[in-house]
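The model shown is predicted, which means the values in this text are computed figures rather than measured ones.
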Amino acid sequence: QAPPPACESIGSSRAAAPGMWSKFKDAAGRVQAELKVVSKEIQDNLTEAGKKLNEELIVAAGVHRRRKLYGGPVAIKNCTTEVVELTFSKSNMSGGKLQAEAIGPDWDYSFDPGESKDFDFLLEVKASGGRSARLTAIRSAAYEVRCSGGAFTVEQVRLPERQKSDSLASAPGLSFSFSASGWLFVYQLGVAECLQQHGITRNPHMRVAGASGGALTVATMMYGCDMRALRDHIKECVCRVNKNVGQAIELRKFILEAMQKFVRDGSIKHPVFQSGRVEIAVSEAGFEATQSLTSRVKALSKGETSIVKGKRKKEFGKTSEAVIALLASATMGISGLPFKMKNEEGKEVKVADGAITDFMPTIDKFSITVKPFSDGLFASADVSPTEFVPGSYGLWPPQPSTIDHLYELGYRDMDAWLEEMLPERLAAAQAALPEPAPELPPVEFECADDGMAWLDEVLAAVPMSWSDQWGAGGRRTSSQQPPGEESLSTGGGGAAADGAAASAAASV
């Protein structure tokens, strides 16, 4: 039986199929290529729009741009008898994972992602049994993974490379101003180490000012303290806060504990304090502590005084006076309540955090300003974080690994500013000098009095425990013994404390 006409049509179509299929494939290929081009254009446009939006958000948040590129590997040695897993991630807020690697016992490993704007990385090390450690690993530094007595640690065995110079050792006309900071003063400690590496402590002309945590930083920096040891003490305190959230408001006690590691009775004889080149911002009540409420109201109505006024403390007769001024400048809730102290006129007044009246206490218009916040809520500064740092870190401390990153961030941001901006600022400051600065020898100091009497004087004047602060009217009474006073005794200073600091500095 002959096939119907429709079947003949189908058969003829099949015969012609190879040519038609080839044309269809060519047409489909062209469409696919065009779609890829269009898709890439859309993707590029979205990426560019995302970058612009991100830049706008960064600018709105007050984040400075990081232009410098960094290189160098992170060296890791596995000193254990088992395989450990290493995971490297970005140390900033994005936390993007970069690389994971398993290394065997006694292996050496080098992580080198090439040149980038990242100077450090978040490193997580995992071993069997759920044991792990997290730390900030810095380029050009070396670390060892160890296990002793069941404790799993990662220890830094080689410090990162630091560039040293005398660019700040003798330059007259320069000054530095450090803002209030709360727990974020760890960023300023990194800035301070950088300035020390460039000779700031030897400069007999250098003047500095600070409020709250900034005051603590400039005073310890100019005295020549080990900024890394202070950072490690802060990390210890953070661990205590993580175990007991109530410790977060014990910053005053933590500060005094840190001071015992390096402050001695003879510290006030340092030339930087004798010449009044360290200015500590303090907020002072406009009334005497003993003045009645009625007399205060009358004085206000007549415009004779203000409720609170800013003061700069820079002249001290003994070490305890300088320490009390530093504690007063850092009195803002998490570091205690206002307390009573005598002012320059000998009157007893209540004092509180310097940030209340002078958040960024500058020396003059050429002061190089440093601020650890990047949330855009406070005054702009010459040096501030080149990545977003949550302002909440000022009130509640981040994890110890983040403390290390913030410290290193402060160092790198200051180093980049000095490299790019110092010559211009120095020229402007020196051009404004009314007359040439006198030639003075570099600052050198050796403490001749290793006593700790200053500590007893401070404890007698400043309430430490919260029960004292609420119950003693702002002054500790002799009968009150603050909790944990054994850690604030003179036994906490000296070689034992220094050894504990060195041990803490080596552990994670």
Side-chain angles (χ1 to χ4, degrees), residues 122 124 130-136 149-154 180-189 212-213 216 228-261 323 326-327 330-339 352-353 372 389-407 455 458-459 462-472 474 476 480-493 496-508:
L122 178 62
E124 185 172 10
R131 293 169 299 163
S132 65
R134 288 164 61 93
L135 73 154
T136 295
F152 184 65
T153 62
V154 182
S181 50
W183 282 98
L184 272 175
F185 81 99
V186 69
Y187 173 90
Q188 295 174 320
L189 294 179
S212 194
L216 294 166
R228 289 179 177 274
L230 289 175
R231 176 205 61 190
D232 292 330
H233 176 75
I234 296 302
K235 286 168 61 179
E236 290 179 25
C237 297
V238 169
C239 290
R240 285 152 64 179
V241 171
N242 290 339
K243 292 179 181 178
N244 179 3
V245 295
Q247 293 284 311
I249 56 174
E250 296 288 359
L251 198 51
R252 177 181 292 174
K253 187 181 295 184
F254 296 158
I255 291 168
L256 195 55
E257 287 175 0
M259 287 183 178
Q260 291 177 74
K261 298 180 185 296
V323 173
L326 287 171
L327 293 176
T331 297
M332 179 71 84
I334 60 173
S335 51
L337 298 176
F339 60 88
D353 204 289
V389 175
S392 59
Y393 286 171
L395 296 174
W396 189 269
Q399 293 299 311
S401 58
T402 304
I403 292 289
D404 283 334
H405 172 64
L406 291 171
Y407 180 93
L455 181 58
V458 170
L459 290 173
V462 182
M464 298 304 301
S465 73
W466 281 92
S467 59
D468 283 357
Q469 293 176 52
W470 285 110
R476 179 184 163 203
Q480 293 171 320
Q481 298 296 322
E485 181 164 331
E486 61 275 3
S487 66
L488 299 177
S489 66
T490 55
D498 293 338
S503 176
S507 64
V508 178

S.K.: Rounded to the nearest 0.5 Å, how far does SG of C239 lie from CD1 of I234?
M.R.: 11.5 Å

S.K.: Side chain to side chain contact (heavy atoms under 4.5 Å, CB included) with L337: which residues, sequence neighbours excluded?
M.R.: W466, Q469, W470

S.K.: According to salt bridge (Lys or Arg N to Asp or Glu O under 4.0 Å), who are the partners of D404, at least two apart in sequence or on a separate chain?
M.R.: R231, K235

S.K.: Heavy-atom distance under 4.5 Å between the side chains of L230 and L216, does that happen here?
M.R.: no

S.K.: Is any side-chain heavy atom of W396 less than 4.5 Å from a side-chain heavy atom of V238?
M.R.: no

S.K.: Is a donor on one side and an acceptor on the other found under 3.5 Å between the side chain of R252 and the backbone of P463?
M.R.: yes

S.K.: Of all heavy-atom pairs between E250 and G246, which one has the smallest distance, and what is that distance?
M.R.: CG-O, 4.0 Å

S.K.: The test is side chain to side chain contact (heavy atoms under 4.5 Å, CB included); show your working for L256 and L459 and say whether it passes.
M.R.: CA-CA 10 Å; L256 195 55; L459 290 173; 3.9 Å; yes

S.K.: Verify whether one side chain among S212 and D353 offers a donor that lies under 3.5 Å from an acceptor in the other.
M.R.: yes

S.K.: How long is the span from the CD1 atom in I255 to the CG atom in L326, to the nearest 0.5 Å?
M.R.: 8.5 Å

S.K.: Examine distances only and state if a side-chain atom of H233 and a backbone atom of M259 form a donor-acceptor pair shorter than 3.5 Å.
M.R.: no

S.K.: Mind listing the closest non-hydrogen atom pair of G336 and T331 along with its distance?
M.R.: O-CG2, 3.3 Å

S.K.: Tell me whether S181 contacts the main-chain N or O of L184 through its side chain, where contact means a donor paired with an acceptor under 3.5 Å.
M.R.: no

S.K.: By side chain to side chain contact (heavy atoms under 4.5 Å, CB included), which residues pair with T402, not counting sequence neighbours?
M.R.: Y393, P398, Q399, L406

S.K.: Quick one, F254 and E236 - any side-chain contact, counting heavy atoms below 4.5 Å?
M.R.: no

S.K.: State, yes or no, whether a side-chain contact exists between P372 and V186 at a heavy-atom distance under 4.5 Å.
M.R.: no

S.K.: Return yes if some donor-acceptor pair links the side-chain N/O of T136 with the main-chain N/O of S401 below 3.5 Å, else return no.
M.R.: yes

S.K.: First locate atom CG of L122, then atom CZ of R134, and finally report the distance between them rounded to the nearest 0.5 Å.
M.R.: 4.5 Å

S.K.: So do the side chains of L251 and W183 get within less than 4.5 Å of each other, counting heavy atoms only?
M.R.: yes

